[in-house]
Amino acid sequence: VLHYKEILDKGKVSYQNKLWNGSYYNYDCSSGGHHDSIMADQLAGHWFLKASGLQDDDIFPPDRVKSSLKKIFENNVMMFEGGNMGAINGTRPDGSKDISSCQSEEFWVGVTYGLAANMIQEGLLDQAFQTAWGAYHVCWEWYGLAFQTPEAYMTDNIYRSLGYMRPLAIWSMQWALEKFHQDLMSS
């Protein structure tokens, strides 16, 4: 057990030193042109840990989590159609689409709902529901897909993988509300 704790302790330091840039966690620690892209799901590990009751503030310091979520909201949500599309997977620091891969310029419905659940866990309720609204708005109102929710869509009216399972992450929003905001659940 001590061996694994040593590995975890080294990893915590490395994660913060190599990826934290003062505002959010970089995509990677390379010198590549997209190393500082803003990933919508950069805090997926934090979301999973906190949702599982295993939150570790040494791995994900609360101030850095909030800063990252706010940056993701500003860049990956609000920069596209006024926040009415959900969260694009990747943006550049200036708010433009990261076009370094086809995945980075997609909006993944499940990632959007998971991000919204993470925001709910952190008390960013307005941002959470604006983020989730975008995925709903595109899938139901723009595309008329109803119960054929796709895995992904793009800004140019392309979508793929209808009936995908990851969008069931919408239920993680309900769970986060019940666990972290019980006051909102009573009527």
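Values below: all heavy atoms of this structure, side chains included; hydrogens, waters and symmetry mates excluded.
Aromatic ring centres of Trp142 and Tyr136: separated by at least 6.0 Å.
Every residue meeting the side-chain hydrogen bond (donor to acceptor under 3.5 Å, both in side chains) condition with Asp9, not counting sequence neighbours, appears here in chain and number order: Lys5. Listed by chain and number, the residues in a side-chain hydrogen bond (donor to acceptor under 3.5 Å, both in side chains) with Asn89 amount to none (sequence neighbours excluded). Considering only residues two or more places apart in sequence or on other chains, Lys50 meets the salt bridge (Lys or Arg N to Asp or Glu O under 4.0 Å) condition with Glu122. With sequence neighbours excluded, no residue satisfies ring-ring contact (aromatic ring centres under 6.0 Å, His included) with His181. Residues forming a ring-ring contact (aromatic ring centres under 6.0 Å, His included) with Tyr4 (at least two apart in sequence, or on another chain): none. A search for salt bridge (Lys or Arg N to Asp or Glu O under 4.0 Å) contacts involving Asp57 returns nothing, not counting sequence neighbours. Under the rule for a side-chain hydrogen bond (donor to acceptor under 3.5 Å, both in side chains), Ser172 has no partner lying at least two apart in sequence or in another chain.
Side chain of Thr131 to backbone of Gln127: a donor-acceptor contact under 3.5 angstrom is found. Between the side chain of Thr112 and the main chain of Ala132, no donor-acceptor pair closer than 3.5 Å is present. Proximity of a side-chain donor or acceptor of Gln42 to a complementary backbone N or O of Ser68 within less than 3.5 Å is not detected.
Annotation: the span from Thr149 atom OG1 to Leu162 atom CG amounts to 8.5 Å, rounded to 0.5 Å. Between the NZ atom of Lys18 and the NE2 atom of His35 there is a distance of 14.0 Å, given to the nearest 0.5 Å. Interatomic distance, OG of Ser104 versus CG of Asn76, reported as 10.5 Å (0.5 Å rounding). With rounding to the nearest 0.5 angstrom, the CD atom of Glu106 is 6.0 Å from the CD atom of Gln103. Expressed to the nearest 0.5 Å, how far CD of Gln16 lies from NZ of Lys12 amounts to 10.5 Å. The structure places NZ of Lys179 at 14.0 Å from CD1 of Ile120, a figure rounded to the nearest 0.5 Å.
Within 6.0 Å of atom CG in Leu168, more than 12 heavy atoms from other residues, nucleotides or ligands are found, so the atom counts as buried in its surroundings. Within 6.0 Å of atom NZ in Lys70, 12 or fewer heavy atoms from other residues, nucleotides or ligands are found, so the atom counts as exposed in its surroundings.
Cluster annotation: Phe80 and Val109 are assigned to the same hydrophobic cluster (Ile/Leu/Val/Met/Phe/Trp/Tyr, side-chain heavy-atom contacts under 4.5 Å, transitive). Both Ile88 and Val138 belong to a common hydrophobic cluster when Ile, Leu, Val, Met, Phe, Trp and Tyr are linked at side-chain heavy-atom distances under 4.5 angstrom. In terms of hydrophobic clustering, with Ile, Leu, Val, Met, Phe, Trp and Tyr side chains grouped at heavy-atom distances under 4.5 Å, Ile170 and Tyr164 are assigned to different clusters. Trp140 and Met85 fall within the same hydrophobic cluster, defined by Ile, Leu, Val, Met, Phe, Trp and Tyr side-chain heavy atoms under 4.5 Å apart, directly or through other members. Cluster membership check: Tyr143 does not share its hydrophobic cluster with Ile158, using side-chain heavy-atom separations under 4.5 Å among Ile, Leu, Val, Met, Phe, Trp and Tyr.
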Mind running side chain to side chain contact (heavy atoms under 4.5 Å, CB included) on Thr91 and Met79 for me, showing each step along the way? CA-CA 9 Å; Thr91 62; Met79 291 290 223; 5.9 Å; no

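Residue Tyr25 is found in a hydrophobic cluster whose other members, listed by chain and number, are Leu8, Tyr15, Leu19, Trp20, Tyr24, Ile38, Leu43, Leu49, Leu54, Ile59, Phe60, Val65, Leu69, Ile72, Phe73, Val77, Met78, Leu115, Met119, Leu124; membership requires side-chain heavy atoms under 4.5 Å apart, directly or through intermediates. Taking Ile, Leu, Val, Met, Phe, Trp and Tyr as members and joining any whose side-chain heavy atoms lie under 4.5 Å apart, directly or through other members, the hydrophobic cluster of Val111 also contains Trp108. Hydrophobic side-chain contacts under 4.5 Å tie Trp175 into a cluster, directly or through other members, with Phe180. Through direct or indirect side-chain contacts shorter than 4.5 Å among Ile, Leu, Val, Met, Phe, Trp and Tyr, Phe48 is connected to Trp47.
Annotation: salt bridge (charged side-chain N to carboxylate O under 4.0 Å, His left out) contacts involving residues 127-150, sequence neighbours excluded, are absent.
A salt bridge links Asp36 to Arg92: one of the charged nitrogens lies within less than 4.0 Å of a carboxylate oxygen.
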